Structure formats: C-alpha cells, structure tokens
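Beneath this line is the structure, given in structure tokens, with notes to follow.
Computed from a prediction, not measured in an experiment: that's the story for all the values here.
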Amino acid sequence: KKKKKTKEKELQMSQEQVDRCGYMTKLGNVVKNWKTRWFVLSGSTLTYYKTREDTAAAGSIDLKDCRTVKVCMDNIGRAHTLEVSIPGRTYFLSCDDDDSMNEWLGAISRAVIKNSKGMNWMNENLN
C-alpha cells in the first residue's frame, strides 16, 4: 500500500512543474532543533516533507509574500544556511555545501521574482 502512495506522489509531482527538490535541514519554529526535510519548490510554493517518500506534507512556505531570501550571516550554528522571511515567520534552511546553498538561493529567488509581488521584493532587496 505504501508503494502505491509513493507512486501516486511521484506521478502527481511529475505532472506539476517542479523547479527544484532535495534535502535541507530546517530549524524548528517552536522546538529550536534542526530536522532534515525533503523540499519541493513548485511555482510559488516551497513544500517540505519528513522524507522523500512521504505523501503528506509536513508544511509549506508561500513565497508570494516573501520578504527576503538571503544567505544567513547570523551565527545560528549551521554553515550554508538560507534565511527565508515571510510575514510572521523566518525560516532557516541549512544546505550540505555552498554549491547546494547557492542553487537553492537562485531557485527560491527566481520563484519569488516570478510572482505578482515579485517586483516589490526585487525593489526592496536589490536597492
């Protein structure tokens, strides 16, 4: 039964436009510990799952209202970390290395710019 759900998810994901997917480690919002999650960037949504095989999302980040996407310069105990800020929450996402971090930074930034509020974001962040 689990294999069927995994196949259904793969089919669903293949039908959607997936801009990038892969593992990152996310800092928890309530319990401040780091957990590895499978992330899927599709359009203006960054969805995360506990594992690649999971069919139910653990959460998602709506990038339409994104305020900032940047390399985290704060000392939060993890290298290669991105800071993604939306109203009410800032996500800290740690990548395996600089290359992966830069690829995620580019993909998320492009997703933000493609959306209706993207020009406001670009004006606020690039000036």
Side-chain angles (χ1 to χ4, degrees):
K1 198 169 189 179
K2 184 168 177 124
K3 283 187 179 185
K4 185 178 180 188
K5 284 187 179 182
T6 301
K7 289 287 184 198
E8 287 172 5
K9 180 183 173 192
E10 287 174 5
L11 179 62
Q12 178 187 2
M13 285 177 59
S14 68
Q15 292 169 347
E16 297 171 7
Q17 174 63 37
V18 175
D19 300 301
R20 181 163 175 81
C21 59
Y23 282 102
M24 288 189 283
T25 305
K26 183 181 81 62
L27 182 62
N29 190 36
V30 179
V31 178
K32 299 294 182 188
N33 58 353
W34 293 91
K35 299 234 179 192
T36 300
R37 297 289 182 247
W38 176 257
F39 283 82
V40 177
L41 176 61
S42 180
S44 64
T45 305
L46 183 60
T47 306
Y48 53 95
Y49 302 84
K50 287 186 178 180
T51 69
R52 183 178 183 166
E53 291 77 28
D54 282 354
T55 54
S60 64
I61 304 169
D62 184 354
L63 299 173
K64 288 179 190 162
D65 294 320
C66 186
R67 298 280 193 258
T68 56
V69 179
K70 63 182 183 179
V71 174
C72 180
M73 300 309 251
D74 298 333
N75 182 10
I76 58 168
R78 291 272 174 148
H80 323 294
T81 299
L82 297 175
E83 187 176 321
V84 179
S85 297
I86 61 170
R89 179 143 183 215
T90 298
Y91 291 84
F92 294 96
L93 309 173
S94 178
C95 303
D96 288 338
D97 54 38
D98 277 343
D99 288 341
S100 177
M101 179 186 70
N102 289 325
E103 289 168 10
W104 274 109
L105 178 63
I108 295 169
S109 297
R110 284 188 297 276
V112 170
I113 291 168
K114 281 182 192 177
N115 290 286
S116 61
K117 297 182 183 177
M119 292 311 293
N120 292 335
W121 179 87
M122 210 161 65
N123 291 334
E124 289 174 14
N125 288 279
L126 299 181
N127 291 332

Could you tell me whether the side chain of S44 reaches within less than 4.5 Å of the side chain of K114, counting heavy atoms only? no
Ring geometry between Y91 and Y48 (parallel below 30°, tilted from 30 to 60°, perpendicular above 60°): perpendicular
When you compare the side chain of W104 with that of L41, does any pair of heavy atoms fall below 4.5 Å? yes
Ring pair (Phe, Tyr, Trp, His ring centres under 6.0 Å) with F92: which residues, sequence neighbours excluded? none
Rounded to the nearest 0.5 Å, the NZ atom of K64 sits from the CD1 atom of I86 at a distance of 12.5 Å
Rounded to the nearest 0.5 Å, how far does OG1 of T25 lie from CG of N33? 11.0 Å
Provide the full list of salt bridge (Lys or Arg N to Asp or Glu O under 4.0 Å) pairs with a residue in residues 25-44, sequence neighbours left out, each pair given once. none
Rounded at 0.5 Å granularity, tell me how far CG in L93 sits from CD1 in I61. 5.5 Å
To check you understand the geometry: which heavy-atom pair defines the closest contact between W34 and S94, and what is its length? CZ3-CB, 3.9 Å
Give, for atom CG of N75 and atom OG1 of T81, the distance between the pair rounded to the nearest 0.5 Å. 10.0 Å
Is there a path of hydrophobic side-chain contacts, each under 4.5 Å between heavy atoms of I/L/V/M/F/W/Y residues, joining I76 to V31? no
Do S100 and D97 have side-chain N/O donor and acceptor atoms under 3.5 Å apart? no
Are M24 and V112 connected into the same hydrophobic cluster when the rule is that any two of I, L, V, M, F, W, Y join if their side-chain heavy atoms are below 4.5 Å apart? yes
Check: D19 and R110 side chains under 4.5 Å, non-hydrogen atoms: no
Side-chain heavy atoms nearer than 4.5 Å, only ILVMFWY residues, links allowed to pass through others: does that put M101 and L63 together? yes
Value rounded to 0.5 Å, distance of OH in Y23 from CZ in R52: 7.0 Å
Between atom CG of L105 and atom CD of E83, what is the distance when rounded to the nearest 0.5 Å? 11.5 Å
Applying side-chain contact (heavy atoms from CB on, under 4.5 Å) to W38 and D54, what does each step give before you reach the verdict? CA-CA 9 Å; W38 176 257; D54 282 354; over 6 Å; no
Apply side-chain contact (heavy atoms from CB on, under 4.5 Å) to T68 and T90, showing your working. CA-CA 9 Å; T68 56; T90 298; over 6 Å; no
Under the side-chain contact (heavy atoms from CB on, under 4.5 Å) test against V40, which residue among V18, T45, L46 passes? V18
